[in-house]
Amino acid sequence: MPDCYLRGSMASQVVQLRQPSSSRPPLPVINLGRLSKDPATRALAIQDIARACREQGCFQVVNHGVSKSVMKGALEAASEFFELSPEHKELFASTDIRRPIRYDTSSRDGISKARSFLKHYANPLEDWVQYWPMHPPSYRQKMGEYAVEIQRVSMQLMDAILQGLGLRPLCMQEKLEKGVQFLALNNYPQLSHRGDKIGLASHSDYGFLTILLQSSPGLEVMPHGDDAWKSVPVIPGALHVHIGDHLEVLSNGQFKSLVHRAVLNPDEARISIASIHGLAKDEKVCCADELVDEENPEMYRESSFQDFLDFLPSNINNYKRFVESLKINRA
Ligand code: OGA
Ligand code: NI
């Protein structure tokens, strides 16, 4: 019997059992509280983060300081927004990727198969909150609290990641504080027995890091070197983190951006909030000097978020990852 005819917990058990087996260890879960402990504990946490970045391209974090109520509030605000009548949502409808906020339902980006989304900027909050929805009435408050907390976690993570790469974090930290935080709120329908199971097709994200919160399982990742999709489990209170194209560039290929996708959940409609973190729009990201030498020549061209936005329209009918377009061909 196809999985889609099995309901409730039985369906998820079947899906679990049918996950392709992988030679790799399970996706790591890292206690971020260790970053603010004594230097030895902090050093071990940094090592764990660097290993997860190198070997898997993703991990989940717990003890990150974002309260469960703030996380719940953000998911509620997102879900209430998607439940609004079409007229309310259409106010934000646009296919123009340069807009500070936009809502869309169809698959004009080459990868959206069954999702509606609201995308907007969030850092610094005071610059962007004016563009955010007024409905539901608690949206700005709840999403704002979440965005600020997630920006803080992203700074902590980048600090640890830069140290893990042996880079000096200070000048980069200043740039990150002023950097782009881009929120993508995704709304996926429940898997129907007639439909395709893909909500969002395989891709990688452009920034340094993506921090993702999902209301129920559906995110699947393909760690570097693997050829099987792995489902990211929902661990209460945890946040999923993965590497984007610009961190692959900065690390000169030591860390690879994570290929991921979203599948539809057989039990319920699903919401996810992806927070993508990178440098300011026109700030170029290049391979870090410290990671380039004779044995490790520069592998990527420099590029900015603006360059990514310019790349997107040419990519619509023939989806290609941004990072691929940056690789320097040394043949
Ligand atoms: C994204 C994304 C995955 C998900 O928004 O870039 O990959 O689980 N989302 O919705
Ligand atoms: Ni993504």
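Whatever order the structure lists ligands and atoms in, that order sets their numbers, starting from 1.
- Looking only at its N/O/S atoms, D205 has OD1 as the one nearest to the Ni ion (ligand 2).
- Summary: NE2 is the N/O/S atom of H203 found nearest to the Ni ion (ligand 2).
- With a 4.0 Å heavy-atom cut-off, ligand 1 is reached by the side chain of R270 but not by its N, CA, C or O.
- Using a 4.0 Å cut-off between heavy atoms, F117 makes no contact with ligand 1 at all.
- Close approach to Y188 involves these atoms of ligand 1, each under 4.0 Å from a residue heavy atom: 3 (C), 4 (C), 9 (N), 10 (O).
- Heavy-atom proximity to L219, at under 4.0 Å, picks out these atoms of ligand 1: 3 (C), 8 (O).
- Distance alone, capped at 3.5 Å, places no donor-acceptor pair between the D205 side chain and the G207 backbone.
- Every atom of ligand 1 with a heavy atom of S272 under 4.0 Å away is listed here by number and element: 4 (C), 8 (O), 10 (O).
- Less than 4.0 angstrom separates some heavy atom of D205 from each of these atoms of ligand 1: 6 (O).
- Residue L212 touches ligand 1 through its side chain alone, judged by heavy-atom distances below 4.0 Å.
- Classification of D104 and K119 as a salt-bridged pair fails, no side-chain N sitting under 4.0 Å from a carboxylate O.
- For Q214, no heavy-atom contact with ligand 1 is shorter than 4.0 Å.
- Looking at L200 against ligand 1, only its side chain comes within 4.0 Å, counting heavy atoms.
- When only non-hydrogen protein atoms are considered, atom 5 (O) of ligand 1 lies nearest to N186 ND2, 3.0 Å.
- With hydrogens and angles ignored, the 3.5 Å screen pairs a side-chain donor or acceptor of S215 with a backbone N or O of I271.
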Determine, stepwise, if the pair M71 / H64 fulfils side-chain contact (heavy atoms from CB on, under 4.5 Å). CA-CA 12 Å; M71 290 164 66; H64 41 60; 3.8 Å; yes
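- Side chain of K89 to main chain of L84: a donor-acceptor pair is present (N/O by atom type, distance under 3.5 Å, no hydrogens or angles).
- Y103 is connected to V129 through a chain of hydrophobic side-chain contacts under 4.5 Å among Ile, Leu, Val, Met, Phe, Trp and Tyr, so both are in one cluster.
- A side-chain N or O of N186 and one of R115 form a donor-acceptor pair less than 3.5 Å apart.
- Shown in contact with A274 at under 4.0 Å from a heavy atom are these atoms of ligand 1, numbered in order with element: 5 (O).
- Checked by atom type and distance alone, the side chain of W132 pairs as donor or acceptor with a backbone atom of Y121 at under 3.5 Å.
- For the residue pair S257/H224, the side-chain donor-acceptor check at 3.5 Å is not satisfied.
- Between R261 and ligand 1, a contact under 3.5 Å exists for no N or O pair.
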